[in-house]
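Here the structure comes first, spelled out in structure tokens, and everything after it is commentary.
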Amino acid sequence: MPINHYDVCIIGAGAAGLMCAIEAAKRQRSVIVLDKAPKAGRKILISGGGRCNFTNLYTEPEAYLSQNQHFCKSALARYTQWDFMNFMEEAGLSWEEKTLGQLFCDQKSKAVVDALLKACEQYGVEIILNSTIANISHTNQYQIKHTNSEVQVESLVIATGGPSIPKMGSSDFGLQIAKQFGLKNMPFRAGLVPFTFSQDELTKLYIPLAGVATDCVVTCNGQSFKEALLFTHRGLSGPAMLQISSYWKKGDGLLIDLLPELETAKPLLGIKENSPALSLKKALQQYLPRKLIVQFIELGYLPDLALKSLHEKQLTRIVSQLKSWKVTPSGTEGMRTAEVALGGVDTGELSSKTFETKKQEGLYFIGETVDVTGHLGGYNFQWAWASGWCAGQFV
Ligand SMILES: Cc1cc2nc3c(=O)[nH]c(=O)nc-3n(C[C@H](O)[C@H](O)[C@H](O)COP(=O)(O)OP(=O)(O)OC[C@H]3O[C@@H](n4cnc5c(N)ncnc54)[C@H](O)[C@@H]3O)c2cc1C
């Protein structure tokens with residue numbers, strides 16, 4: 001088996017791995033990137049509906065979940081959203097802000113991957129795809145046996161992401177390597193993922209409403225998000241549900257405010273005064289999708305009455321019920337559809353400056369393999385760029 005020597009081997013040609021490779025190669029380090037997939041940056045390619053929501057204007061440590069809330073601060077401060085926007089600009093790419101600071105590439109996701117690959121080529125990074133890692137060992141150097149050859153390096157970077165969307169070949173490889181070297185980790189679990197409900201609830205409520213979307217504020221375990229929810233054949237999805245799913249644990253309930261624009265019943269009382277014969281169903285249509293109201297009436301959650309038949313107290317109660325709708329999901333769709341994996345290598349094992357492990361010299365973990373997970377909206381890529389960039393300065 002031929003043995004090839006490099007300074008740095010990065011396993012994983014995703015967002016974090018490619019950024020790390022570019023930065024290390026800029027420092028004249030010889031860099032090889034190994035990836036088992038047939039294409040580099042596959043999650044970038046499918047991200048943001050094909051337009052890669054590559055960062056968020058409002059990136060801040062509070063938008064990340066981790067056992068150690070402070071760990072992400074240093075990297076996010078050293079490589080910011082503005083730095084990646086510079087990278088995009090230098091590559092001739094443009095973007096638009098959709099909502100809530102989310103930046104999407106005008107030229108589509110492939111252009112982002114192409115820009116990263118072009119920079120890799122410019123600085124002489126070697127990328128080997130379709131490469132299965134058979135074994136990793138360490139004596140005075142790291143030996144990585146992969147498809148038909150062996151690589152020996154001083155620095156080994158694990159950038160293999162998390163196990164979400166396993167049909168793309170994602171796995172918990174990063175945690176397996178962490179375990180091999182005796183590092184603590186938080187098991188991966190699905191984040192940014194739709195909720196499922198019992199068959200009975202699906203039949204009664206969710207399936208008839210599949211496709212209906214509405215704005216809401218959802219709260220769970222002290223965290224709230226004001227975004228849209230979407231009823232589906234399996235339960236609840238949409239940005240609000242994906243966001244809160246990262247904070248949810250089995251058995252927890254969700255508190256959903258379906259009338260986020262309505263503070264009190266006053267506006268409904270105003271409508272009643274002007275149009276007493278109007279039905280509650282019609283009056284609520286200013287605030288909620290018709291199909292949702294009809295279904296709630298059918299299930300007896302709302303009365304099918306004219307406003308004149310409802311006292312102020314009853315209207316107040318109706319509004320407060322719609323502002324505090326409680327549901328308890330039976331589970332989530334799991335890794336099959338999760339946009340990200342929570343958990344990863346325990347941040348206590350890593351330097352927040354270099355991403356090198358404290359116990360094992362020359363071994364680095366970056367990106368989604370680390371126990372830092374962002375909210376929906378470009379935050380996960382920003383973490384991948386930032387952690388990759390930081391490690392790239394030291395490997
Ligand atoms: C459908 C979808 C849409 C998303 N949209 C967005 C978005 O718009 N904005 C956002 O910020 N985030 C988004 N994300 C999350 C984002 O894609 C990830 O957080 C990010 O890609 C993590 O970067 P990474 O480099 O750590 O891992 P990845 O990008 O997952 O890269 C890991 C690489 O390692 C390789 N690999 C894995 N195992 C092995 C192994 N055993 N041997 C060799 N190679 C291996 C993989 O093939 C892959 O190329 C989305 C995720 C999904 C699934």
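We count ligands from 1, going down the list as the structure has it; atoms in each ligand are counted the same way. Side chains are part of it too, since the values below use all heavy atoms of this structure and drop only hydrogens, waters and symmetry mates.
Of the possible donor and acceptor atoms, one in the side chain of Y64 sits under 3.5 Å from a partner among the backbone N and O of Y379. For the pair T316 (side chain) and A265 (backbone), a donor-acceptor distance under 3.5 Å is absent. At least one donor-acceptor pair closer than 3.5 Å links the side chain of Q81 to the backbone N or O of L57. A donor-acceptor pair under 3.5 Å links the side-chain atoms of K323 to the main chain of L262, judged by distance alone.
Residue G48 has at least one nitrogen or oxygen atom sitting less than 3.5 Å from a nitrogen or oxygen atom of ligand 1, judged on distance alone. Residue contacts with ligand 1: G162 is placed with no nitrogen or oxygen under 3.5 Å of a nitrogen or oxygen of the ligand (distance criterion only). In terms of polar-atom proximity, defined here as any N/O pair under 3.5 Å, G367 makes no such contact with ligand 1.
From the protein, the heavy atom lying nearest to atom 53 (C) of ligand 1 is I165 CG1, 3.5 Å. Of the protein's non-hydrogen atoms, the one nearest atom 11 (O) of ligand 1 is F381 N, 2.8 Å. Closest to atom 39 (C) of ligand 1 among all protein heavy atoms lies T160 CG2, 3.6 Å. Atom 18 (C) of ligand 1 has its closest protein heavy atom at E368 OE1, 3.1 Å. Among all protein heavy atoms, the one lying closest to atom 31 (O) of ligand 1 is G14 CA, 3.3 Å. Considering only non-hydrogen protein atoms, atom 43 (C) of ligand 1 sits nearest to K36 N, 3.2 Å. Atom 35 (C) of ligand 1 has its closest protein heavy atom at D35 OD2, 3.1 Å.
Shown here is K282, whose NZ atom has no more than 12 heavy atoms of other residues, nucleotides or ligands within 6.0 Å.
Using a 4.0 angstrom heavy-atom cutoff, E339 counts as in contact with ligand 1.
Here the options are W383, W95, W389, F54, the test is ring pair (Phe, Tyr, Trp, His ring centres under 6.0 Å), and the partner is F84; only F54 passes.
Donor-acceptor pairing under 3.5 Å is recorded for the side chains of H375 and Y247.
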